[in-house]
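Counting from 1, the numbers follow the sequence of the chain as shown.
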Amino acid sequence: MKIYFPQWQGAGIGEGIEAGAKTVLDYLNNPTFTAIPLSTVPAGVNGVQKHQINNYDAITEQLTRFKKQLEITQPKTLQTIGGDCGLEIVPVSYLNQKYPNLGVIWFDAHADINKPCDSASCNFHGMPLRTLLGEGAPEMNSLLSSTIEQHQIHYVGLRDIDATEKIRLDKGNIYHPKKLNIQELLGTLSRKRITHLYLHFDFDCLEPTDYDKTYYRVPDGVTIKESVACIEALQAHFTIVGSSVLESTTLSQDELQPITPIIDLLMK
């Protein structure tokens, strides 16, 4: 099932995220994408913080819609255009219920594994993995179809890590190499007997000199060429049951062109 869900409220102000998702949707020009309606609850500059999460009411309302859509349709696979990273708690927990020991590949400059109480920004797009582990805000747990285990998480392109996140990564021995090594990643997944994967792709994992139309820009990322090679290797060796493309902010099809090979691999 193909989903269009341009959630931006998890990024706080979220400037450019909704419009950037629409640019990706327009590029793909595929009428089979199902749109998840966004909440009309005031958010962003007019948003309200609850449970140490900005825009809590808007986020939970629309994530509930997303979860109900999956419960009704029961898809075997998911491809999602987003949107901020906070939306991932719904598709990942849904697919993890269907495919035990689901490998979660997190292409991202950020760890996204904060607890609300540890987050300086209180923006939910920095909390999805901690929520998926069942260690986030208890008020978010009803949105989960299942919880994942720490050994299921594997980072690519991670380089901007909060101190409290680093403690959690090290405590759980969570896979987070400083540099991408595709063969090492493939071997790690195989040793864990993982057969099915979810590929989360936040475009800020990329080196900004390759692509900088992202919500955050962090130097020393993976290149587009490296990302394509990694995705192709994962697709060749494992069964991909879910994928996402997130947090691109360009309004221009011309500016989008450098990342279209990634979009094609993950969304077509």
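Panel note: side chain Q253, backbone T23; a donor-acceptor pair is recorded below 3.5 Å. Not a single donor-acceptor pair under 3.5 Å links the side chain of N114 to the backbone N or O of M127. A donor-acceptor pair is defined here as one N or O able to donate and one able to accept, closer than 3.5 Å; no such pair exists between the side chain of D118 and the backbone of T164. Although no hydrogens or angles enter the test, the distance criterion places a donor-acceptor pair under 3.5 Å between the side chain of S243 and the main chain of L266. In this structure, the side chain of T249 engages the main chain of K213 through a donor-acceptor pair within 3.5 Å. Checked by atom type and distance alone, the side chain of E165 pairs as donor or acceptor with a backbone atom of I113 at under 3.5 Å.
Salt-bridge annotation for E135 and R168: present, with a side-chain N of the basic residue lying under 4.0 Å from a carboxylate O of the acidic one. Contact check on K22 versus E18 returns no salt bridge, with no Lys/Arg side-chain nitrogen under 4.0 Å from an Asp/Glu carboxylate oxygen.
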Full working for side chain to side chain contact (heavy atoms under 4.5 Å, CB included) between H200 and D112: CA-CA 12 Å; H200 156 99; D112 296 348; 4.3 Å; yes
Side chain to side chain contact (heavy atoms under 4.5 Å, CB included) assessment of D264 paired with Y27: CA-CA 10 Å; D264 290 346; Y27 162 73; 2.8 Å; yes
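Below 30°, between 30° and 60°, or above 60°: for H51 and Y56 the angle between ring planes is above 60°, a perpendicular geometry.
Pairing each heavy atom of T214 with each of D204, the nearest pair is CG2-N, 3.8 Å.
Among residues two or more places apart in sequence or in another chain, the salt bridge (Lys or Arg N to Asp or Glu O under 4.0 Å) test is passed with D210 by none.
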